[in-house]
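Read the numbers this way: they start at 1 and go in the same order the structure lists the ligands and their atoms. Residues take their numbers from the sequence shown, with the count starting at 1. All of these numbers come straight from a predicted model, not from anything done at the bench. For the numbers below, each heavy atom of this structure counts, side chains included, while hydrogens, waters and symmetry mates do not.
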Amino acid sequence: MTSAASSVQAPAERAPYSAAPATPGNGLVAIYLGITAIVLALLMVFGLLMRASQAGFITIPPNRFYQLLTAHGIGMVAISGLGGAAVMWYFLSRYVSLSRGILLANLVCFLLGVVLVLGAIFVGGFAAAWTFLFPLPAKSLGVWGTDATACYLIGVLLVGVGFLLLFLDTGRAILAKYGSLGRALGWPQAFGKSTDEPPPPTVVASTVVTIINIPAIAVGAVILTMSLVNALTPSFRVNALLAKNLIYFFGHVFINSTIYMSVIGVYEILPAFTGRPWKSSKPFLLAWTATMLMVVAVYPHHLFMDYANPTWASVLGQVLSYTSSLPVLAVTAAGTLANVYRSGMTWNVTTSLLFVSIMGWSVGVVPAVIDGTIAINRVMHNTLWVPGHFHIYLLLGVVSMLFGVMYFLATSKGAADGALDRAAIWMYVVGGLGFAISFLAAGAASVPRRWAVHDAPWMTYDRIGVLFALIIVLGAIAFVTAFLRRARAIGT
Ligand code: HEM
Ligand SMILES: [Cu+2]
């Protein structure tokens with residue numbers, strides 16, 4: 001399975017791709033991406049069912065709806081993490097020496113954790129949403145038992161432990177090669193007078209992800225454990241405000257990291273088609289360091305309506321919401337346009353998806369920043385505006401990047417895109433935009449999020465949403481089946 005390591009090259013008719021050094025984890029990376037593809041399609045169907053139930057097309061009993069909501073939320077966050085980790089590992093292993101054992105250990109933890117989480121939800125009835133906010137896990141009013149809560153929390157903890165191992169390994173490998181995290185971030189070139197070649201974009205991005213995710217997962221583990229003890233021993237009390245702060249610190253950083261891991265695919269693959277290498281310029285290095293510092297402090301934007309939280313935290317949350325992702329997004333979007341412009345690049349499924357992903361990420365940030373404004377959040381908080389903005393940059397941003405990388409790897413042996421592949425791009429983009437806009441429009445009309453049953457006047461938005469969701473799901477299933485059919489090419 002691993003002999004193909006260095007064989008990922010663009011076919012002859014495409015722009016030349018510098019032969020990559022061996023990456024002996026190819027087979028495992030293919031398994032990671034295969035699981036990602038299947039789980040994405042399945043969870044999208046869960047989403048479609050939820051939306052169809054809100055629209056009144058089908059009837060899902062509320063208990064079942066909240067189970068689906070919990071599974072969709074935690075599942076999508078986790079699988080974006082798994083897919084992103086595969087992209088990061090695949091490309092990072094060209095520059096530093098990563099452990100295949102740890103890559104496998106993460107997968108095993110992930111799968112065991114998923115079994116526990118699925119059991120908790122669909123057997124035990126756990127339905128507190130992926131954010132497991134206190135006191136829901138412990139106080140279900142009899143809807144689910146303590147055993148289901150324990151299974152869910154331990155399952156998520158297990159997934160976290162796997163990722164923690166992975167990022168400890170990337171940290172170890174980066175330090176071994178570059179000597180210090182500062183050097184891996186290109187600080188001597190960004191802030192000093194060093195004229196040495198800066199570390200490649202993949203190393204810079206991976207270093208940032210490693211630095212921000214280790215504390216995020218550690219904090220996640222702390223609050224998962226506290227919630228577990230609280231559920232088993234109610235006399236051990238958890239401060240609700242502290243719990244929410246810890247959960248959103250972890251949640252915000254982890255989900256943002258999925259973008260920062262997946263975007264490595266753009267840095268590595270677009271140049272293969274344009275023939276123009278993507279170098280770490282000074283603005284690029286500064287941008288990644290700036291985003292690294294801001295992304296860990298922006299999470300209070302999830303607590304604007306928690307008036308007990310300190311005012312300074314809300315102010316910080318608002319200011320950083322405007323600036324946090326901007327540096328990396330700006331250098332990446334500008335870099336993408338410069339890389340592609342007049343390069344004679346072939347517009348195939350891979351390059352189209354990667355290009356779309358940068359545009360989707362850019363577009364999705366606009367409604368996010370709007371909601372990050374306290375005055376607007378007073379109205380939009382807990383409305384469908386929120387899923388509206390994050391579905392844009394998750395569906396059209398992260399997941400497009402993942403599908404783009406899958407196509408790249410799967411067609412590296414020269415398999416050509418067919419008419420169905422090309423149609424799927426349009427379905428994915430049009431369906432994704434329409435679907436997200438149906439959420440945004442409903443949110444603008446103050447339709448609440450996370451409600452199983454919708455009032456009749458809200459259903460117009462829901463029905464339009466279902467139509468577009470159907471289009472995007474069909475497009476995604478076309479990508480997934482195309483990838484799975486060709487996936488063996490990666491590992492052989
Ligand atoms: C066809 C694609 C998709 C459909 C039809 C879909 C549908 C939905 C629906 C109906 C909700 C509940 C909205 C509410 O009433 O509050 C939801 C929530 C959510 N979705 Fe999706 N979704 C899709 C793709 C994705 C993707 C790709 C991701 C992430 C990578 C994602 C992540 C989430 C998250 C995190 C939530 C919030 C769950 C919560 O509120 O606890 N979704 N989605
Ligand atoms: Cu956030």
request  = Would you check, one step at a time, whether the test salt bridge (Lys or Arg N to Asp or Glu O under 4.0 Å) holds for R486 with D421?
outcome  = CA-CA 13 Å; R486 299 165 182 160; D421 301 290; 3.5 Å; yes

query = Name of the H391 N, O or S atom nearest atom 21 (Fe) of ligand 1?
reply =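 So the atom name we want here is NE2.
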
query = What is the NE2(H302)-the Cu ion (ligand 2)-ND1(H252) angle, to the nearest 10 degrees?
reply = 130°

Within the 4.0 Å heavy-atom shell around [X], which atoms of ligand 1 are there?
X    : result
R51  : 10 (C)
A469 : 5 (C)
L48  : 5 (C)
L394 : 29 (C), 30 (C)
V399 : 27 (C)

Could you work out, for [atom], the closest of [options] by heavy-atom distance?
atom                    : options              : answer
atom 13 (C) of ligand 1 : Y428, F439, W130     : F439
atom 35 (C) of ligand 1 : W451, Y66, F390, F65 : F390
atom 27 (C) of ligand 1 : M50, R449, M76       : M76

For [atom], the protein heavy atom that lies nearest, with its residue and separation:
atom                    : value
atom 2 (C) of ligand 1  : M44 CG, 3.5 Å
atom 16 (O) of ligand 1 : R450 N, 2.6 Å
atom 6 (C) of ligand 1  : F435 CZ, 3.4 Å

inquiry  = What I want to know is whether H454 and ligand 1 share at least one N or O pair that is separated by under 3.5 angstrom.
reply    = no

ask   = For H72 and ligand 1, does the shortest N/O to N/O distance drop below 3.5 Å?
value =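 Yes.
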
query = Atom OH of Y152 and atom CG of L116: how far apart are they, to the nearest 0.5 Å?
reply = 12.0 Å

query = Can you tell me how far the CG atom of L395 sits from the CZ atom of F390, to the nearest 0.5 Å?
reply =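 Going from the CG atom of L395 to the CZ atom of F390 covers 10.0 Å.
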
query = Do S325 and V365 have side chains that get closer than 4.5 Å, going by heavy atoms?
reply = yes

query = Taking side chain as C-beta onward, heavy atoms only, is L241 less than 4.5 Å from L303?
reply = yes

ask   = Stepwise, does the ring-ring contact (aromatic ring centres under 6.0 Å, His included) test hold for F91 with Y267?
value = CA-CA 10 Å; F91 290 111; Y267 298 152; over 10 Å; no

Could you tell me whether ligand 1 has any atom less than 4.0 Å away from a heavy atom of [X]?
X    : result
F46  : no
L395 : yes
L384 : yes

request  = Determine, step by step, whether F304 and H381 satisfy the ring-ring contact (aromatic ring centres under 6.0 Å, His included) criterion, reporting the C-alpha distance in whole Å, the side-chain angles of both residues, the deciding distance to 0.1 Å, and the verdict.
outcome  = CA-CA 8 Å; F304 284 155; H381 195 79; 8.0 Å; no

key: side-chain hydrogen bond (donor to acceptor under 3.5 Å, both in side chains) between S227 and N230, intermediate numbers included   = CA-CA 5 Å; S227 305; N230 170 258; over 6 Å; no

query = Do H302 and Y248 make the cut of ring centroids closer than 6.0 angstrom?
reply =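 Close enough - the centres of the two rings lie under 6.0 Å apart.
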
query = If you measure from each non-hydrogen atom of T131 to ligand 1, which part falls under 4.0 Å: side chain, backbone, both or neither?
reply = neither

message = With ring-ring contact (aromatic ring centres under 6.0 Å, His included) as the criterion, how do Y90 and Y32 come out once you've worked through the C-alpha distance, each side chain's angles and the decisive distance to 0.1 Å?
response = CA-CA 11 Å; Y90 180 81; Y32 264 64; over 10 Å; no

Criterion ring-ring contact (aromatic ring centres under 6.0 Å, His included) on F435 and F439, from CA distance to verdict = CA-CA 7 Å; F435 173 68; F439 272 153; 4.8 Å; yes

query = What N/O/S atom of H301 gets nearest to the Cu ion (ligand 2)?
reply = NE2

